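This report concerns only the one structure given below.
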Amino acid sequence: MEMEGIEHRTVAVNGITMHVAIKGPSGGPTVLLLHGFPELWYSWRHQMAGLAALGYRAVAPDLRGFGDTDAPASAAGYTGLSVAGDLAALLDAVAKGEEKVFVVGHDWGAIAAWHLCLFRPDRVKALVNLSVPFTPRHPARKPLESLRAAYGEDYYICRFQEPGEMEAEFAQIGTRRVLEEFLTYRNPGPLVLPKGKGFGHPTDTPIVLPSWLTEEDVDYYTSKYETTGFTGGFNYYRALDLNWELTAPWTGAQIRVPAKFMVGDLDLTYNSPGTKDFIHKGGLKKYVPFLEDVVVMEGVAHFIHEERPQEVTQHIHDFFQMF
């Protein structure tokens, strides 16, 4: 039922062609839904149905490098500036009559949403971000240096850096298995991928899908990632230090858009050192002064919008109807 009535379009934006899924009444307020890694527009299928039923027009693109959207070859094409450029152009194409839209992001989509609000606050009415809080730019230390110091070389973001290396390891493990490993990951500790050891256990260890993730869901993700590979997704991680260099003018800048933040208490991002204090003791509010609400869902891991779809949709609606 949820997949019914979804319109699929290909739009030329910012020098690439972008695939976008749209559901909901044409006159309804637009909600831009931004996915993370290793996901696609499809990860918003529940919210698209729920929001459309509430009168919104849900717009969920495959971000650059993912699914049916173009994947520029160089990691230099995956900074926050490039992605924000894609999104601003997408809004020009699919939300012509609206000066500002609602935005929801998860994981890398949350980072993209923070960047969109930082660079183009004139386009965003209000924001609900999931899993990844705004991270202020450290003026003296590059992100990869900080990550290596905190977690070591086997930390997944560090392992993703060398072009071709993780692509080869994931090819050996198999696309479907890799996606199942990520989507069912519930360990609140850091994700480490020791060289040649995959996810740290034998690849024939059975994976039982949770109730919120069906074989059909994994089929869809697998069909797309088998076509594209993982390089597009990895390139976001590979552009971290370049992004740090390019965003120097925004050091100390605030996100001046009404915002709500949601995270699961088992999410690996929420449990990274210092994050809880930053979120709950005023750090996040300092950089996001119009932060209205923080919601921590108990017993929920990283893919909060898929694990608790109706609750998340209700939270989104409750916040956006204030505007």
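The structure displayed is predicted, hence computed values, not measured ones. Heavy-atom basis, side chains included; hydrogens, waters and symmetry copies ignored.
Under the ring-ring contact (aromatic ring centres under 6.0 Å, His included) criterion, F320 pairs with F102, sequence neighbours left out. Not counting sequence neighbours, the partners of E153 by the salt bridge (charged side-chain N to carboxylate O under 4.0 Å, His left out) test are R148. Remark: F160 pairs with F37, Y156, F234, Y237 by the ring-ring contact (aromatic ring centres under 6.0 Å, His included) rule, at least two apart or across chains. Considering only residues two or more places apart in sequence or on other chains, H302 meets the side-chain hydrogen bond (donor to acceptor under 3.5 Å, both in side chains) condition with D107, D267. Taking the side-chain hydrogen bond (donor to acceptor under 3.5 Å, both in side chains) definition, one finds that E165 meets it with R159, sequence neighbours left out. When the salt bridge (charged side-chain N to carboxylate O under 4.0 Å, His left out) test is applied to D68, the partners found at least two apart in sequence or on another chain are K224. Here D122 pairs with R120 under the salt bridge (charged side-chain N to carboxylate O under 4.0 Å, His left out) rule; sequence neighbours left out. Partners of D219 by side chain to side chain contact (heavy atoms under 4.5 Å, CB included), not counting sequence neighbours, listed by chain and number: R176. Residues forming a side-chain hydrogen bond (donor to acceptor under 3.5 Å, both in side chains) with D318 (at least two apart in sequence, or on another chain): Q314. Partners of H138 under the side-chain hydrogen bond (donor to acceptor under 3.5 Å, both in side chains) rule, at least two apart in sequence or in another chain, do not exist in this structure.
A salt bridge links R123 with D92: at least one charged nitrogen is closer than 4.0 Å to a carboxylate oxygen.
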Name each donor-acceptor pair under 3.5 Å that joins a side chain in residues 290-298 to protein atoms two or more places apart or in another chain, with its distance.
none

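Pairs engaging residues 39-56 under the salt bridge (charged side-chain N to carboxylate O under 4.0 Å, His left out) rule: R45-D217, R45-E306 [sequence neighbours left out].
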